[in-house]
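Notes for the one structure printed next.
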Amino acid sequence: MTDHTAQNSLVDKDKYLAFELNHASYSINISLVKEIMEYVEVDPIPMAPEFIIGAINLRGEVIPVFDLSLRLGKQPQDITNRTCIIIAECQFNAQEITIGLKVDMVTKVLDISSADIDAVPSIGGQFQSRFVLGLAKLPDKLMTILDISKILTLDDIKLIEDLNNAELTEDFDNEDESPLPPQNSEEDTASEVSHE
């Protein structure tokens with residue numbers, strides 16, 4: 001009986017990636033996480049909402065990066081050596097969308113049972129609460145579990161589609177694929193042309 005209960009408890013648990021925003025703890029289901037990377041320079045996207053800080057070229061795929069603090073209605077945080085970008089995949093209207101999430105720092109991976117996750121109480125603040133999947137009861141605190149599919153709007157999806165359909169710019173190619181070759185002297189250039 002005890003073994004059976006223990007097995008059910010293990011099956012019932014899921015893994016969540018925990019991170020911090022504005023000194024508060026959040027998490028997302030780790031099945032959504034493709035990778036975690038150090039913060040890198042992000043190329044701005046003209047006319048994008050304030051919470052979309054730009055895009056990165058990750059192995060040929062243009063990925064929009066969201067400032068998760070701004071998206072949740074909080075103050076933006078300074079970039080430190082702990083700032084990370086979580087590359088995550090979410091579903092929106094049956095579409096799989098890859099996005100980057102700027103967070104203050106990633107802390108750990110947690111096993112959380114569904115029995116320890118409560119629904120969000122209806123106490124107002126609907127704009128922020130719609131991003132929340134539930135509240136996890138940890139031994140020392142409550143942790144907010146985010147539903148990252150809810151941070152996207154139809155306009156965001158259109159912007160992401162436009163990015164994915166566009167050809168990569170030379171700036172992206174130069175920054176992420178290979179450095180520019182050294183400039184040739186006039187003699188070297190003339191020699192190359194003569195060989196051609």
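If you're wondering where the values come from, they're calculated on a predicted model, not measured in any experiment.
Annotation: Glu38, atom CD; neighbour count of heavy atoms from other residues, nucleotides and ligands within 6.0 Å does not exceed 12. Asp78 CG: 12 or fewer foreign heavy atoms inside a 6.0 Å radius.
When all heavy atoms of Ala55 and Ile45 are compared, the closest pair comes out as CB-CD1, 3.8 Å. Among all heavy-atom pairs drawn from Pro76 and Ser69, the shortest one is CA-CB, 4.4 Å. Across all their heavy atoms, Ile85 and Gly100 have their closest contact at CG2-CA, 3.9 Å.
In this structure, the side chains of Ile52 and Asp67 stay at 4.5 Å or more apart for every pair of heavy atoms. Lys137 has its side chain within reach of Leu142: a pair of non-hydrogen atoms, C-beta onward, lies under 4.5 Å apart. Annotation: side chain of Met37 is in contact with side chain of Ile56 (closest heavy-atom distance under 4.5 Å). By the 4.5 Å heavy-atom criterion applied to side chains, Leu32 and Ile148 are counted as neighbours. Within the 4.5 Å cutoff, no side-chain heavy atoms of Val33 are placed close to those of Ile87. Using a 4.5 Å heavy-atom cutoff, the side chains of Asp104 and Thr83 are not in contact. By the 4.5 Å heavy-atom criterion applied to side chains, Leu21 and Leu72 are counted as neighbours.
Residue Cys84 holds its SG atom at 11.5 Å from OH of Tyr39, rounded to the nearest 0.5 Å. We find the CG-CD distance between Asn57 and Glu61 to be 9.0 Å, quoted to the nearest 0.5 Å. Taken from OG in Ser25 to NZ in Lys108, the straight-line distance is 8.0 Å, to the nearest 0.5 Å. Note that CZ of Phe131 and CG of Asp147 are 10.0 Å apart. Values are rounded to the nearest 0.5 Å.
When the side chains of ILVMFWY residues are joined at heavy-atom separations under 4.5 Å, either directly or via intervening members, Met47 and Ile63 end up in two distinct hydrophobic clusters.
Here Phe66 pairs with Phe51 under the ring pair (Phe, Tyr, Trp, His ring centres under 6.0 Å) rule; sequence neighbours left out. Shown here are the side-chain contact (heavy atoms from CB on, under 4.5 Å) partners of Met105, two or more places apart in sequence or in another chain: Glu20, Arg82, Thr107. Glu96 pairs by the side-chain contact (heavy atoms from CB on, under 4.5 Å) definition with Glu89, Gln91, not counting sequence neighbours. Applying the side-chain contact (heavy atoms from CB on, under 4.5 Å) test to Thr144 and every residue at least two apart in sequence or in another chain returns Tyr26, Val132, Leu135, Leu146. Legend: residues meeting side-chain contact (heavy atoms from CB on, under 4.5 Å) with Lys15, ordered by chain and number and at least two apart, are Ile30, Val109, Asp111.
We find that Glu35 and Arg59 are joined by a salt bridge, their nearest charged nitrogen and carboxylate oxygen being less than 4.0 Å apart.
Through direct or relayed side-chain contacts under 4.5 Å between Ile, Leu, Val, Met, Phe, Trp and Tyr, Leu138 connects to Tyr16, Leu110, Ile112, Ile117, Leu133, Met143, Ile145.
Remark: the backbone N or O of Gly54 is not paired with any side-chain donor or acceptor of Asp43 at under 3.5 angstrom. The closest donor-acceptor contact from the side chain of Asn29 to the backbone of Ser31 lies under 3.5 Å.
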Practice task
Check step by step if side-chain contact (heavy atoms from CB on, under 4.5 Å) holds for Thr98 and Lys34.
Solution key: CA-CA 9 Å; Thr98 301; Lys34 298 179 72 173; 3.6 Å; yes

